[in-house]
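Accompanying notes for the structure given below.
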Protein chains: 2
Amino acid sequence: MDDVFKALADPVRRQLLDSLHQRNGQTLGELCEGHDMSRQAVTKHLAILEDANLVATRKDGREKLHFLNPLPIFEIADRWVRKFEHGRLRALDELKKNLEGKSDGKR
Amino acid sequence: MDDVFKALADPVRRQLLDSLHQRNGQTLGELCEGHDMSRQAVTKHLAILEDANLVATRKDGREKLHFLNPLPIFEIADRWVRKFEHGRLRALDELKKNLEGKSDGKR
DNA sequence: CTAATATGCAACCATTTGGTTGCCTGTCAA
DNA sequence: TTGACAGGCAACCAAATGGTTGCATATTAG
């Protein structure tokens with residue numbers, strides 16, 4: 001799971017995921033377009049996404065096709081974010097109170 | 001939003017958020033317990049969480065109290081993750097097909 | 001066959017990150 | 001008032017990160 005968080009931490013990589021979400025199965029060359037960096041830099045980002053299982057690839061002739069796997073994202077949303085959901089609606093009020101509160105008995 | 005992703009990328013910081021979720025309003029000293037690193041290292045992590053608006057603090061005498069702000073997490077879950085939700089249930093099948101598919105017309 | 005295209009591999013580099021240590025400041029208790 | 005306690009600040013360091021370049025390999029088009 002740490003791999004996924006790390007992979008998502010970089011804006012270039014999130015952009016690559018967005019690009020694949022918009023059109024799945026793009027080649028490396030296609031994914032490079034619009035990024036102001038070398039092909040190798042993009043390759044490295046894609047490798048990190050692949051290690052995190054967010055992208056899967058298939059060789060097709062001399063091209064490499066990239067496919068989005070959104071499942072790890074969903075798993076984090078479901079399992080990790082859910083933990084913090086309980087007081088969701090009151091969260092802001094609660095925070096505000098705590099910050100101004102004169103030791104309201106929490107400790 | 002990038003700040004939040006970056007802040008969440010480190011396991012120590014996620015652990016700190018967990019700790020605050022379990023018991024809100026902890027002091028720096030309390031948050032250091034159980035982490036095998038110096039107080040200053042923890043301070044730095046907390047500063048990153050604070051910059052990302054995931055933690056808010058209040059000085060109380062010589063102690064500094066830390067409070068969890070889960071809202072940025074929810075915002076990412078809602079706004080960013082939601083983008084990828086559309087084919088959610090079929091996602092795995094689709095991926096499998098794409099990887100084995102002999103150019104199924106996608107390109 | 002040959003040349004162009006698409007990608008892979010490895011060495012290298014600057015900056016960021018995550019940690020340390022030493023010392024300073026502010027607050028509470030005896 | 002004088003320690004002891006909680007935290008802040010700054011310099012420093014090693015390793016990870018994100019990027020580059022140069023060259024090699026494999027596939028396809030002519």
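First the proteins, then the strands, lettered A, B, ... as listed; each starts at 1.
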d(NZ, A:Lys64; P, D:dA26) in whole Å:
15 Å

Side-chain N or O of A:Lys44 versus OP1/OP2 of D:dT17: is the shortest distance under 4.0 Å?
no

B:Ser38 side-chain N/O to C:dT20 phosphate OP1/OP2 under 4.0 Å
yes

Most 5' of A:Gly29 and A:Lys6 on DNA chain C, judged by nearest nucleotide:
A:Gly29

Looking at [options], which one has an atom nearest to any side-chain atom of [X]?
{"X": "B:Ala41", "options": "C:dG19, D:dG18, C:dG18", "answer": "C:dG19"}
{"X": "A:His45", "options": "C:dT20, C:dG8, D:dG18", "answer": "D:dG18"}
{"X": "A:Gln40", "options": "C:dG8, C:dT20, D:dG7", "answer": "C:dG8"}
{"X": "A:Leu28", "options": "D:dG8, D:dT21, C:dT7", "answer": "C:dT7"}

Dump the intermediate steps for side chain to side chain contact (heavy atoms under 4.5 Å, CB included) on A:Leu16 and A:His35, then the final yes or no.
CA-CA 9 Å; A:Leu16 287 168; A:His35 289 278; 3.7 Å; yes

For the base of D:dG8, is there a side-chain donor-acceptor partner from B:Arg62 under 3.5 Å away?
no

Is it the case that D:dG8 (base atoms only) and B:Arg39 (side chain only) share a donor and an acceptor within less than 3.5 Å, ignoring hydrogens and angles?
yes

Verify the neighbour count for atom CZ of B:Arg82: are there more than 12 heavy atoms of other residues, nucleotides or ligands below 6.0 Å?
no

Close side-chain approach of B:Leu8 and B:Leu17, heavy atoms under 4.5 Å:
yes

